[in-house]
Amino acid sequence: METKNIMIVGVGGQGSLLASKLLGRLLLDAGYDVKVSEVHGMSQRGGSVVTYVRYGDRVFSPVIDKGEADYIVSFELLEAARWMEYLKPDGQIVTNIQQIDPMPVITGAAEYPADLVQKIKDAGVKVDALDCLKLAEEAGSAKAVNIVLMGRLSHYFDLPREAWMAALKAQVPAKFLEMNEKAFALGENA
Amino acid sequence: MKELMLGNKAFARGLYEAGCCFVSSYPGTPSTEITEEAVKYDEIYCEWAPNEKVAMEAAFGACLAGKRSFCGMKHVGLNVAADPLYTMSYTGVNAGVVIGVADDPGMHSSQNEQDSRHHAIASKVPLLEPSDSAESLEFVKLAYSLSEEFDTPVIVKMCTRVAHSQSVVECGDRITPPAKPYEKNIPKYVMMPGNAIKRHPFVEERTRKLAQWAETAAINRVEKGGSQLGIITSSTCYQYVKEVFGDKVSVLKLGMVNPLPEKLIRDFAASVDRLVVVEELDPIIEAHCRALGLKVEGKELFPMEGEFSQNLLRRVMGVELPAGKAAEENIPGRPPVMCAGCPHRGLFYTLSKNKCTVLGDIGCYTLGAVPPLSAIEMTLCMGASLSAIHGFNIAGEGANEKKTVAVIGDSTFMHSGMTGLANIAYNQSNSTVIILDNSITGMTGHQQNPTTGYNIKGDPAGKIDLEALCKAMGFERVRVVDPYDLKQCDEVLKEELAAEAPSVIISHRPCALLKYVKHNAPLTVNREKCIGCKSCMRIGCPAISIKEGKAHIDNTLCVGCSVCSQLCPVGAFEGGAN
């Protein structure tokens with residue numbers, strides 16, 4: 001099988017590492033070769049961050065390049081737009097509609113673009129946009145945005161629900177499992 | 001069992017399986033997790049050293065005592081440890097010593113992108129370069145065997161994409177290496193001229209033997225493909241080559257880059273029509289090929305700067321690029337910023353307001369250079385702020401000292417700041433030094449250091465008192481301020497700049513991200529009171545923005561530090577500490 005590519009993008013500190021761990025575990029258990037590439041250090045401090053998840057029969061490069069991503073999972077709307085050129089022509093974006101102002105917007109040097117979801121659609125990109133923060137809060141914690149997104153992403157994968165649940169169970173502490181299962185279901189059914 | 005493992009974690013697993021007993025490191029992205037993972041094995045003693053030189057010398061001492069040892073650092077850390085490295089090459093080892101060095105091509109979190117392989121060549125120390133997690137684990141084990149067989153420290157060089165990528169590994173068991181009791185051996189271990197002169201020929205002979213070993217080593221392998229194009233590569237570049245070309249071209253994959261084999265490379269070159277070297281940063285393998293008189297292409301095709309990727313390779317080698325989507329236009333950048341509640345913010349605001357010339361250092365606080373604070377005007381390397389302010393003030397002949405400060409973090413001060421401070425105290429420049437004491441090594445993800453009172457496991461440890469230390473070094477003027485208190489910061493700064501003597505200001509407030517730090521409730525903005533003057537925007541807090549002409553606080557980010565409310569002329573911020 002040709003290598004498949006998932007990019008997880010967001011703002012440093014939003015919890016994308018857990019999402020990549022969950023996907024890594026899920027895909028490894030499904031029998032694929034997997035590589036995950038993370039960002040640590042300075043860019044984590046509120047900057048734009050990206051994690052690459054690649055899987056297939058044999059994965060070589062740990063990174064995903066422009067035009068290669070099958071999926072972009074975005075924790076923040078502006079970041080979905082920023083990384084859009086990494087998507088394949090028929091790729092799919094799954095994004096949280098939450099907006100976090102970057103410093104140039106905060107200082108007034110730039111404006112947060114309006115109507116981004118529509119603009120992405122107008123560019124001919126398949127985009128699935130949902131309010132993950134609201135759903136995460138409904139599940140019991142604003143921190144569960146990542147799991148809401150994973151629930152939504154599961155739609156696009158040909159993997160049994162039990163496999164996702166097993167990967168989730170392996171990656172979150174037992175006391176938060178129920179809340180995360182709820183977050184996953186809310187994303188899945190949104 | 002197959003496991004998905006970070007390169008640095010696999011490296012630590014390699015230390016464990018090889019029977020390593022002693023680890024001393026200084027944190028630095030992208031090397032930090034090697035040591036953070038190693039400490040999880042009870043069998044390995046681990047510590048954070050004050051700097052890389054200390055770490056390497058401690059590892060040397062441990063090897064003398066008969067224990068396989070390790071020290072880890074980032075590329076620029078190896079500059080600090082270069083002194084012991086170049087002479088440990090002469091002494092060799094007792095039990096094996098592995099040095100982990102992580103380069104950062106693309107400078108994700110570094111001040112330069114130097115190529116560590118130069119240090120290996122110059123110090124005549126063998127260097128292995130893994131290309132994924134499985135190799136990281138295996139190469140570390142091999143490195144210990146080579147270290148003991150050839151009587152040399154061995155460098156295992158990581159890079160960001162190997163260190164911070166997860167790939168599949170299979171773990172093995174820990175071995176017990178052969179006992180190596182310490183034996184007095186003055187000719188081998190005392191490097192004074194008479195002894196060192198005799199050790200140098202040993203070093204040269206060792207390199208010849210290692211080059212011979214490299215000819216047939218399994219980690220230097222030929223993967224036969226077509227004969228039209230042959231690529232010599234190593235590290236993460238191997239992955240890009242395979243990604244683009246698969247089995248279509250012949251590849252010489254080098255696991256050991258110093259010393260390089262001669263016959264293996266000559267034979268490979270002879271087997272292909274066109275020879276290309278694919279390596280990030282400097283032309284090390286390429287230069288070797290040229291020295292052998294081979295016709296080779298390398299840096300005339302590929303850049304010296306930045307990271308490579310599969311698309312870069314495609315572009316350079318004339319392979320079709322994947323069709324992508326056009327980027328959205330006008331996407332504002334999202335540079336890293338100081339966190340909401342960061343104790344550095346109030347201090348930098350004070351420096352900016354007083355129009356100080358700020359000589360900076362390495363850490364989270366380097367972000368004091370970005371808008372809107374734009375306070376820091378110089379950052380060079382660990383500790384340089386304190387040495388440079390001395391030169392700046394002396395050479396300024398009185399013109400600079402009333403408005404110039406040096407800022408340095410607590411961990412960076414322990415690493416390389418004390419010698420610069422000693423110079424100020426000794427040669428008496430009228431310098432004002434600010435130690436940004438946030439009680440942790442912040443940028444690399446919260447490592448303990450000699451000022452925090454805790455060791456790498458979080459257990460109570462020796463604690464260096466910064467105030468007492470500065471006084472003992474001869475500073476009569478040592479002040480402590482709370483960077484959340486803007487008025488106090490402003491007053492003390494003005495007094496110390498005006499003073500006719502060198503002084504130290506310790507800006508003390510633990511990092512807002514530390515688990516034990518209790519946060520206040522988020523502030524709120526009284527929209528009736530807010531006049532939209534944007535005074536609060538001058539501190540560049542990510543929690544504050546302007547919504548419909550008035551200040552707005554993001555209550556998921558705000559930790560109630562109240563620095564913003566001290567700037568508000570109308571008292572529109574409510575809640576918080578004040």
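Here is the naming used below: chain letters follow the sequence lines, and residue numbers restart at 1 for every chain.
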Part of [X] within contact of chain A (heavy atom distance under 4.5 Å):
X: B/Pro335; value: both
X: B/Leu557; value: neither
X: B/Glu33; value: side chain
X: B/Lys534; value: neither
X: B/Thr236; value: side chain

Is it true that B/Arg314 and A/Glu68 have a side-chain N and a carboxylate O under 4.0 angstrom from each other?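 Answer for the salt bridge query: yes.
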
Leading residue by heavy atom contact count with chain B [cutoff under 4.5 Å; candidates [options]]:
options: A/Lys88, A/Glu111, A/Lys119; value: A/Lys119
options: A/Val34, A/Leu133, A/Asp101; value: A/Val34
options: A/Thr3, A/Val63, A/Thr107, A/Thr51; value: A/Val63
options: A/Lys21, A/Arg25, A/Arg54; value: A/Arg54
options: A/Val59, A/Leu87, A/Val53, A/Leu78; value: A/Leu78

For atom [atom1] of [X], is the number of surrounding heavy atoms from other residues, nucleotides or ligands below 6.0 Å larger than 12?
X: B/Lys253; atom1: NZ; answer: yes
X: B/Asp247; atom1: CG; answer: no
X: A/Asp122; atom1: CG; answer: yes
X: B/Glu223; atom1: CD; answer: yes

Could you tell me whether the side chain of B/Ser165 reaches within less than 4.5 Å of the side chain of A/Lys35, counting heavy atoms only?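 Side chain of A/Lys35 against side chain of B/Ser165, heavy atoms only: no contact under 4.5 Å found.
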
For chain A, which residues from residues 535-547 of chain B lie under 4.5 Å away (heavy-atom distances)?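 At a heavy-atom separation under 4.5 Å, chain A is reached by B/Met537, B/Gly540, B/Cys541, B/Pro542, B/Ile544, B/Ser545, B/Lys547.
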
Would you find a donor on one side and an acceptor on the other, under 3.5 Å apart, between the side chain of B/Arg334 and the backbone of A/Gly12?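 Pair absent, no side-chain N/O of B/Arg334 close to backbone of A/Gly12.
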
Would a distance-only check, ignoring hydrogens and angles, find a side-chain to backbone donor-acceptor pair under 3.5 Å from A/Asp65 to B/Asn311?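 Looks like yes, one N/O pair under 3.5 Å.
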
Please classify the contact between [X] and chain B as side chain, backbone, both or neither, with a heavy-atom cut-off of under 4.5 Å.
X: A/Tyr52; value: side chain
X: A/Ile106; value: both
X: A/Ala123; value: backbone

Spatial distance of atom [atom1] ([X]) from atom [atom2] ([Y]) [nearest 0.5 Å]:
X: B/Leu4; Y: A/Asp29; atom1: CG; atom2: CG; result: 10.0 Å
X: B/Lys2; Y: A/Asp33; atom1: NZ; atom2: CG; result: 7.5 Å
X: B/Thr556; Y: A/Glu137; atom1: OG1; atom2: CD; result: 9.0 Å

Do you know which of B/Gly28, B/Pro332, B/Ser309, B/Cys339 has the most heavy-atom pairs with chain A at a distance under 4.5 angstrom?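 Of the options given, most contacts go to B/Pro332.
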
Start with the C-alpha gap between B/Val241 and A/Phe60, add the side-chain angles, then the distance that decides, and say whether side-chain contact (heavy atoms from CB on, under 4.5 Å) holds. CA-CA 9 Å; B/Val241 168; A/Phe60 288 106; over 6 Å; no

Evaluation steps, side-chain contact (heavy atoms from CB on, under 4.5 Å), between B/Val370 and A/Met103: CA-CA 10 Å; B/Val370 303; A/Met103 196 46 68; over 6 Å; no

Of all the heavy-atom pairs spanning B/Ala323 and A/Pro89, show the shortest one and how long it is.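 Smallest interatomic distance, heavy atoms only, reads O-CD, 3.1 Å.
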
By the definition side chain to side chain donor-acceptor pair (under 3.5 Å), identify the one residue from B/Gln310, B/Glu243, B/Gln239 that meets it with A/Ser61.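 The passing option is B/Gln310.
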
